[in-house]
Amino acid sequence: MGGGGGGHDPFDIFSSFFGGSPFGSGGSSRGRRQRRGEDVVHPLKVSLEDLYLGTSKKLSLSRNVLCSKCNGKGSKSGASMTCAGCQGTGMKVSIRHLGPSMIQQMQHPCNECKGTGETINDRDRCQQCKGEKVVQEKKVLEVVVEKGMQNGQKITFPGEADEAPDTVTGDIVFVLQQKEHPKFKRKADDLFVEHTLSLTEALCGFQFVLTHLDSRQLLIKSNPGEVVKPESFKAINDEGMPNYQRHFLKGKLYIHFSVEFPDTLSLDQVKALEAVLPSKPTSQLSDMELDECEETTLHDVNMEEETRRRQQAQQEAYDEDEDMHGGAQRVQCAQQ
């Protein structure tokens, strides 16, 4: 019964509210979502100096772009046919017999259409891309590594990955990989460096020059009368790494000191040291009590070898214990 020009199609009402057909998007290509292409990830090796000073690197890459001659259609006319091999699905199923009543079903891209679901007539193929829809292009990207960036940090170029028809182009992502530095170690915005002092330097004072990551020469020296103990740390403010987002802020530079002791001393050296160093603590025992004590002999040890030897002895004892228990069980079974 005529509704005249003022009536509303229910399908139009549905579309205005929900942006599509009530029967799904299969009936129209306009409602079909484009799939997103894969990101292309490249590692980018950088030195600690690069991360301290900042740098830029120009990298030449090859990527696929839509053919400009056929606009990514692959054919001169822009037409294509549904692949007969996969019925337009882009996938084929193969069945392999593994044994009696056992089969394995495997799905793989169609080899006739290379997983696209469509084929192009040989006479209609685009001469530039040979029906592939894409051609290779060389592109130079300038990767800017900013001051203070971290190992593992990503630098992204949106939409610069391989192009493909009906596909949202993915990104090219560079992942920073910091090369190991021979002198400095980094933790967040702090730098660590190892320095070995002689015993004389540790007791009487030291002075040395440290070349920083920007080639500046830092003069490092102890305060008068200061004694540096083995395995101690000292810090210099604002000589660490620059902060990534606030370059004017810098972390600390930590110096880890180890002290090298002489292997032996002559009697004259011992007497000279005893004359200037604090007196040795006196024994609380009398000479008679000391005579009653048993004397011992100290010898050098390698703790890594000691630990390895102890672990080997424990393993041998464990294996021997297992053998004894296993033998007892076998005897018990034989008696039953």
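Keep in mind that the numbers below use all heavy atoms, side chains included, and drop hydrogens, waters and symmetry copies.
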Peer 1: For residues Y52 and F184, establish whether the separation of their ring centroids is below 6.0 Å.
Peer 2: no
Peer 1: Is the shortest heavy-atom distance from the side chain of T55 to the side chain of V143 under 4.5 Å?
Peer 2: no
Peer 1: Identify whether V41 and L176 are in the same connected component of the hydrophobic contact network (ILVMFWY, side-chain heavy atoms under 4.5 Å).
Peer 2: no
Peer 1: Is a side-chain N or O of S75 found less than 3.5 angstrom from the main chain of I120, in a donor-acceptor match?
Peer 2: no
Peer 1: Within the side chain of D124, is there an N or O that forms a donor-acceptor pair under 3.5 Å with the backbone of S77?
Peer 2: yes
Peer 1: Distance check, rounded to the nearest 0.5 Å: N151 atom CG versus L48 atom CG?
Peer 2: 10.0 Å
Peer 1: To the nearest 0.5 Å, tell me how far C83 SG sits from M91 CE.
Peer 2: 12.5 Å
Peer 1: Once you round to the nearest 0.5 Å, how far does CD of E160 lie from CG of D39?
Peer 2: 12.0 Å
Peer 1: Run the salt-bridge test on R63 and E163 with the 4.0 Å N-O cut-off and return the result as yes or no.
Peer 2: yes
Peer 1: So, K57 and D50, do they make that salt bridge, N to O below 4.0 Å?
Peer 2: yes
Peer 1: Any side-chain heavy atom of S47 sitting closer than 4.5 Å to one from Q178?
Peer 2: no
Peer 1: For E289, is there any backbone N or O sitting under 3.5 Å from a side-chain donor or acceptor partner on E292?
Peer 2: no
Peer 1: Between E201 and S198 (side chain of the first, backbone of the second, donor and acceptor by atom type, cut-off under 3.5 Å), is there such a pair?
Peer 2: yes
Peer 1: Going hydrophobic residue to hydrophobic residue with side-chain gaps under 4.5 angstrom, can you get from L197 over to F261?
Peer 2: no
Peer 1: Kindly indicate whether the side chain of K234, heavy atoms from C-beta on, has any atom under 4.5 Å from the side chain of I220.
Peer 2: no
Peer 1: Taking atom NZ of K133 and atom CG of D166, what is their separation to the nearest 0.5 Å?
Peer 2: 7.5 Å
Peer 1: Applying salt bridge (Lys or Arg N to Asp or Glu O under 4.0 Å) to E194 and K185, what does each step give before you reach the verdict?
Peer 2: CA-CA 9 Å; E194 304 278 337; K185 302 292 181 189; over 6 Å; no
Peer 1: Between F206 and F257, what is the ring plane arrangement, given parallel below 30°, perpendicular above 60°, and tilted in between?
Peer 2: tilted
Peer 1: Would a distance-only check, ignoring hydrogens and angles, find a side-chain to backbone donor-acceptor pair under 3.5 Å from S232 to P230?
Peer 2: no
Peer 1: Does the ring of F208 carry K221 above it, NZ/CZ under 6.0 angstrom from centre and within 45° of its axis?
Peer 2: no
Peer 1: I want to check something: taking the side chain as every heavy atom from C-beta on, are Q128 and C67 in contact at a cut-off of under 4.5 Å?
Peer 2: yes
Peer 1: Should P242 and L249 count as side-chain neighbours, where that means a heavy-atom distance under 4.5 Å?
Peer 2: no
Peer 1: Answer yes or no: is there a side-chain heavy-atom contact under 4.5 Å between S56 and V145?
Peer 2: no
Peer 1: How many angstroms lie between NZ in K92 and SG in C110, if you round to the nearest 0.5 Å?
Peer 2: 4.5 Å
Peer 1: Do V193 and Y254 have side chains that approach each other closer than 4.5 Å (heavy atoms only, starting at C-beta)?
Peer 2: no
Peer 1: Donor-acceptor pair, Q315 side chain versus Q312 backbone, under 3.5 Å?
Peer 2: no
Peer 1: If you apply the rule salt bridge (Lys or Arg N to Asp or Glu O under 4.0 Å), what do you find for K179 with E49, and how did you get there?
Peer 2: CA-CA 10 Å; K179 293 180 282 190; E49 286 87 350; over 6 Å; no
Peer 1: Check whether any side-chain N or O of N71 sits under 3.5 Å from a backbone N or O of K73 as a donor-acceptor pair, and report yes or no.
Peer 2: no
Peer 1: Could you check K187, R186, K252 and say which one makes a side chain to side chain contact (heavy atoms under 4.5 Å, CB included) with F192?
Peer 2: K187
Peer 1: Say whether D171 and T156, considering side chains only, have a donor N or O and an acceptor N or O under 3.5 Å apart.
Peer 2: no
Peer 1: State whether the side chain of Q153 and the backbone N or O of Q150 hold a donor-acceptor pair below 3.5 Å, judged by distance alone.
Peer 2: yes
Peer 1: May I ask you to test the V93-Q105 pair for a side-chain heavy-atom distance under 4.5 Å?
Peer 2: yes
Peer 1: So R125 and D122, salt bridge (Lys or Arg N to Asp or Glu O under 4.0 Å) or not? Walk me through it.
Peer 2: CA-CA 5 Å; R125 287 183 187 275; D122 287 343; 3.1 Å; yes
Peer 1: Begin from the C-alpha positions of K280 and E274 and carry the test salt bridge (Lys or Arg N to Asp or Glu O under 4.0 Å) through to its verdict.
Peer 2: CA-CA 8 Å; K280 292 188 289 185; E274 286 180 335; 3.3 Å; yes
Peer 1: Will you find, in the side chains of T211 and Q217, an N or O donor that is under 3.5 Å from an N or O acceptor?
Peer 2: yes
Peer 1: Give the cluster check for V227 versus L277: same hydrophobic cluster or not, with ILVMFWY residues linked at side-chain heavy-atom distances below 4.5 Å.
Peer 2: no
Peer 1: I'd like to know if E306 pairs up with R309 as an ion pair, taking the criterion as any Lys NZ or Arg NE/NH1/NH2 lying under 4.0 Å from an Asp or Glu carboxylate oxygen.
Peer 2: yes
Peer 1: Report yes or no: do V173 and Y244 belong to one cluster of Ile/Leu/Val/Met/Phe/Trp/Tyr joined by side chain heavy-atom distances under 4.5 Å?
Peer 2: no
Peer 1: Is V228 linked to I236 within one hydrophobic cluster, defined over Ile, Leu, Val, Met, Phe, Trp and Tyr using a side-chain heavy-atom separation of less than 4.5 Å?
Peer 2: yes
Peer 1: Find the distance between CZ (R246) and CG (D189) and round it off to the nearest 0.5 Å.
Peer 2: 9.5 Å
Peer 1: Treating H212 as the side-chain partner and L218 as the backbone partner, does any N or O pair qualify as donor plus acceptor under 3.5 Å?
Peer 2: no
Peer 1: Can a donor-acceptor pair be found, under 3.5 Å and without considering hydrogens, that links the side chain of T307 to the backbone of M303?
Peer 2: yes
